[in-house]
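Nothing here was measured: the structure is a model prediction, and the numbers come from that model.
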Amino acid sequence: MKTIFKSFVLACAFIGSYASAQEVKLDSVAVIVNDGVVLESEIQDFLSKIKQQAAKKNQTLPSDKALRVQVTGKLIDDNLVAQLGERMGIQISDAQLDETILSIAQDNNLTLEQFRQSIISEGLDYEKYRENARQELISGEVTRNSVRRRIYISPQEVTNLLAVMKEQTNNDVEYRLGHILIEFPSEPSQDDINAAKIRAEKVLKLLNDGSDFTRIAIASSGGSNALEGGDLGWRSINELPTLFSELVDGKDKGTILGPIRTGLGFSIVKIQDIRGRQVMEVEEVNSRHILIEPTIILSEAKAKETLEKLREKIVSGEADFAELAKEYSDGPTSVKGGELGWTDPKSFDPAFSNTLAKLEVNELSQPFRSSFGWHLAELTGRRTLDATQQMNENRVYQVLYKRKYSMESARWLKEMRDEAYIEILE
């Protein structure tokens, strides 16, 4: 395979030299990643996007060389995840993609056409944007499926965190952290560890001397959020990795901590901001649905048509929703007549939650497509809860899951890189 790619690269070089004489600039392969490639145009597009965003925020960036290293690393990771998605057979249909883009447009209070025009007005190709969005959806699905299997949360961990939360006096505090990771290899020697620590201490000195944290993170961090300036977003003390939570607790805004030894390398953390926890009222919905999953035998059109006929029977009073769900619905809820119970709508597929948001209580939806298949949904209730008071086991589980997810996803990506054939072409 390597020989084939070498031949391909030489061919590109020959064609490129010919095109040069014709004053036509052609694309070229920048990185070979297993059986795939990262093109120079992809790197340049990504670099342009970052520079445009930085200009809007008046944010200084590291040198082009350092920025290119980070961008190339991100595109290599994306390529590896896309290849895994292909092997897993994960696909996003046009219907699913349309639902997602419509949801993004609605979140921005725009119609689909207005949203399309806003993309074009920013100098972007709309069809290219659609395909990038499709790849993002596939990557998200691949990552969630792969990382979820690596996370185990014991009942004892849930019990322990519940007890800790009840005793804490800082549950109403949230931190916004910046994070820089100085990586070492997956099986590091003592020399590797020492070298990484020296690098981390140099970075720490630069920060303590007043260097811009975001710029240093973009240039030096091996973390997955390096190109966002290392921003971890707002998190409560319990949502942070354990090592970080113990260090930041009680510290002031602007404090820089580290180097902190982890399984991936040495971390440097800055408390960018502190605020009181935002009190949020969370809406829960009670709903039921009939799900029909398209197959090789059952087409998309037939699945939708079946639900349209079932809807007519329900509306006319000819049949009962629950009985039809038991007879026709796919998935585990069919035995319960399609009942989903009281649920935070954010936990549903975006297409499903968006549809429920538009329904009145006891209103029946039209058939719609989600990533699971075609649905007919009925909203049977809506209520509001004070999320800040809801310290139940499920929420504690989610806190533990998020805490472990970021670390495991970083480990998973690192393992894929270590096992892959990667060649950066000069």
Problem - Whether Asp77 side chain and Leu413 backbone form a donor-acceptor pair below 3.5 Å - result: no
Practice task
Check the pair Ile180, Phe213 against side chain to side chain contact (heavy atoms under 4.5 Å, CB included), reporting the backbone distance first and the verdict last.
Solution key: CA-CA 9 Å; Ile180 294 173; Phe213 189 97; 3.6 Å; yes
Exercise for the section: Using a cut-off of 6.0 Å, state whether more than 12 heavy atoms not belonging to Phe372 lie near its atom CZ. Expected result: no
Practice task
Using modelled atom types only, decide if a donor and an acceptor are shared between the side chain of Ser221 and the backbone of Ile218 within a distance under 3.5 Å.
Solution key: no
Practice task
List the steps and the verdict of salt bridge (charged side-chain N to carboxylate O under 4.0 Å, His left out) for Arg311 and Glu305.
Solution key: CA-CA 10 Å; Arg311 188 179 189 280; Glu305 182 187 341; over 6 Å; no
Practice task
Would you check if the side chain of Thr343 reaches a backbone N or O of Pro345 as a donor-acceptor pair within less than 3.5 Å?
Solution key: no
Practice task
Fit a plane to each ring of Phe368 and His375, take the angle between them on a 0 to 90° scale, and name the class: parallel (under 30°), tilted (30 to 60°) or perpendicular (over 60°).
Solution key: parallel
Handout entry: Carboxylate-amine/guanidinium proximity below 4.0 Å for Arg144 and Glu141
Key = yes
Exercise for the section: Output yes when Arg382 and Glu284 qualify as a salt bridge under the 4.0 Å nitrogen-oxygen rule, no when they do not. Expected result: no
Exercise for the section: Report yes or no: does Asn108 contribute a side-chain atom to a donor-acceptor pair with the main-chain N or O of Leu110 at less than 3.5 Å? Expected result: no
Exercise for the section: Run the salt-bridge test on Glu408 and Arg149 with the 4.0 Å N-O cut-off and return the result as yes or no. Expected result: no
Exercise for the section: Salt-bridge test for Arg411 and Asp418: reply yes if a basic N is under 4.0 Å from a carboxylate O, no otherwise. Expected result: no
Exercise for the section: Answer yes or no: does atom CD of Glu187 have more than 12 heavy-atom neighbours from other residues, nucleotides or ligands under 6.0 Å? Expected result: no
Practice task
Considering only NZ, NE, NH1 and NH2 on the basic side and carboxylate oxygens on the acidic side, decide whether Arg130 and Asp98 come within less than 4.0 Å.
Solution key: yes
Problem - Non-hydrogen side-chain atoms of Leu61 and Lys51 separated by less than 4.5 Å - result: yes
Problem - Interatomic spacing from CD1 in Ile119 to CG in Asp125 - rounded to 0.5 Å - result: 10.5 Å
Problem - Shortest non-hydrogen contact from Val71 toward Ile50 - result: CG2-CD1, 3.5 Å
Practice task
Please assess Gln272 against Leu177 for the test side chain to side chain contact (heavy atoms under 4.5 Å, CB included), listing each intermediate value before the final yes or no.
Solution key: CA-CA 5 Å; Gln272 303 281 30; Leu177 300 186; 5.9 Å; no
Exercise for the section: Of all the heavy-atom pairs spanning Ala351 and Arg369, show the shortest one and how long it is. Expected result: CB-O, 3.4 Å
Practice task
Determine yes or no for a side-chain-to-main-chain donor-acceptor pair under 3.5 angstrom, with Ser146 supplying the side chain and Thr143 the backbone.
Solution key: no
Handout entry: Verdict with supporting geometry, Gln96 and Ser93, side-chain hydrogen bond (donor to acceptor under 3.5 Å, both in side chains)
Key = CA-CA 5 Å; Gln96 291 170 262; Ser93 69; 3.1 Å; yes
Exercise for the section: Walk me through it: do Lys49 and Glu122 pass the test side chain to side chain contact (heavy atoms under 4.5 Å, CB included)? Expected result: CA-CA 11 Å; Lys49 182 180 176 183; Glu122 290 181 13; over 6 Å; no
Handout entry: Student check: side-chain heavy atoms of Val248 and Leu257 closer than 4.5 Å
Key = yes
Problem - Atom of Ala377, atom of Leu359 and distance for their closest heavy-atom approach - result: O-CD1, 4.1 Å
Problem - Between Glu131 and Gln135: side-chain donor-acceptor atoms closer than 3.5 Å - result: no
Practice task
Using only heavy-atom distances, determine whether the side chains of Gln59 and Asp212 contain a donor-acceptor pair under 3.5 Å.
Solution key: yes
Problem - Expected output: side-chain Ser103 to main-chain Glu99 donor-acceptor under 3.5 Å - result: no
Problem - Residue Lys304 excluded, over 12 heavy atoms near NZ under 6.0 Å - result: no
Exercise for the section: Before accepting this row, confirm whether a basic side-chain N of the pair Glu113/Arg116 lies closer than 4.0 Å to the acidic partner's carboxylate O. Expected result: yes
Exercise for the section: Decide yes or no for Val285 and Trp342: does some side-chain heavy atom of the first lie under 4.5 Å from some side-chain heavy atom of the second? Expected result: no
Handout entry: Lys326/Glu339 ion pair, N-O < 4.0 Å
Key = no
Problem - Near-ring test Phe115/Tyr129, centroid separation under 6.0 angstrom - result: yes
Practice task
Assess whether salt bridge (charged side-chain N to carboxylate O under 4.0 Å, His left out) is satisfied between Glu318 and Lys309, documenting all intermediate values.
Solution key: CA-CA 11 Å; Glu318 183 183 340; Lys309 290 178 179 177; over 6 Å; no
Handout entry: Sidechain N-carboxylate O distance under 4.0 Å for Lys74, Asp78
Key = yes
Problem - 4.5 Å side-chain heavy-atom contact, Trp374 and Leu291 - result: no
Handout entry: Exam field: side chain Asn286 to backbone Thr380, donor-acceptor pair closer than 3.5 Å
Key = no
Exercise for the section: Locate the shortest heavy-atom distance separating His179 from Val269; write the atom from each residue and the value. Expected result: CD2-CG2, 4.3 Å
Exercise for the section: Look at the side chain of Thr255 and the backbone N and O of Lys251, then say whether any donor-acceptor pair between them is shorter than 3.5 Å. Expected result: no
Exercise for the section: Assess whether atom CD of Glu308 is packed by more than 12 heavy atoms of other residues, nucleotides or ligands within 6.0 Å. Expected result: yes
Exercise for the section: Side-chain contact test, heavy atoms from C-beta onward, threshold under 4.5 Å: evaluate it for Glu174 versus Ile274 and give yes or no. Expected result: no
Problem - Donor on one side chain, acceptor on other, Glu136 and Asn132, under 3.5 Å - result: no
Problem - Any donor-acceptor N/O pair, Glu42 side chain to Leu39 backbone, under 3.5 Å - result: yes
Handout entry: Pair Gln156, Thr159: side-chain N/O donor-acceptor within cut-off below 3.5 Å
Key = no
Fill in the blank from the handout: Value for CD1 (Ile292) from CG (Leu376), rounded to nearest 0.5 Å, stands at 8.5 Å
Practice task
Compare all side-chain heavy atoms of Glu183 with those of Lys414 and state whether any distance is below 4.5 angstrom.
Solution key: yes
Practice task
Take atom CD of Gln91 as the centre, draw a 6.0 Å sphere, and report whether it contains more than 12 heavy atoms from other residues, nucleotides or ligands.
Solution key: no
Practice task
Specify the closest pair of heavy atoms between Ser334 and Ser329, including all atoms of both residues, with the distance to one decimal.
Solution key: CB-O, 3.3 Å
Practice task
Check for a donor-acceptor pair, side chain of Asn225 on one end and backbone N or O of Asp231 on the other, with a separation under 3.5 Å.
Solution key: yes
Handout entry: Student check: side-chain heavy atoms of Ile271 and Asp252 closer than 4.5 Å
Key = no
Practice task
Dump the intermediate steps for side chain to side chain contact (heavy atoms under 4.5 Å, CB included) on Val81 and Met416, then the final yes or no.
Solution key: CA-CA 9 Å; Val81 173; Met416 279 210 302; 3.8 Å; yes
Completion exercise
Here the pair of heavy atoms bringing Tyr405 nearest to Ile151 is CA-CD1, 3.7 Å
Exercise for the section: Enter the distance from Met88:CE to Gln83:CD here, rounded to the nearest 0.5 Å. Expected result: 14.0 Å
Practice task
Please examine the side chains of Ile260 and Phe266, heavy atoms only from C-beta on, and report whether any two atoms are closer than 4.5 Å.
Solution key: no
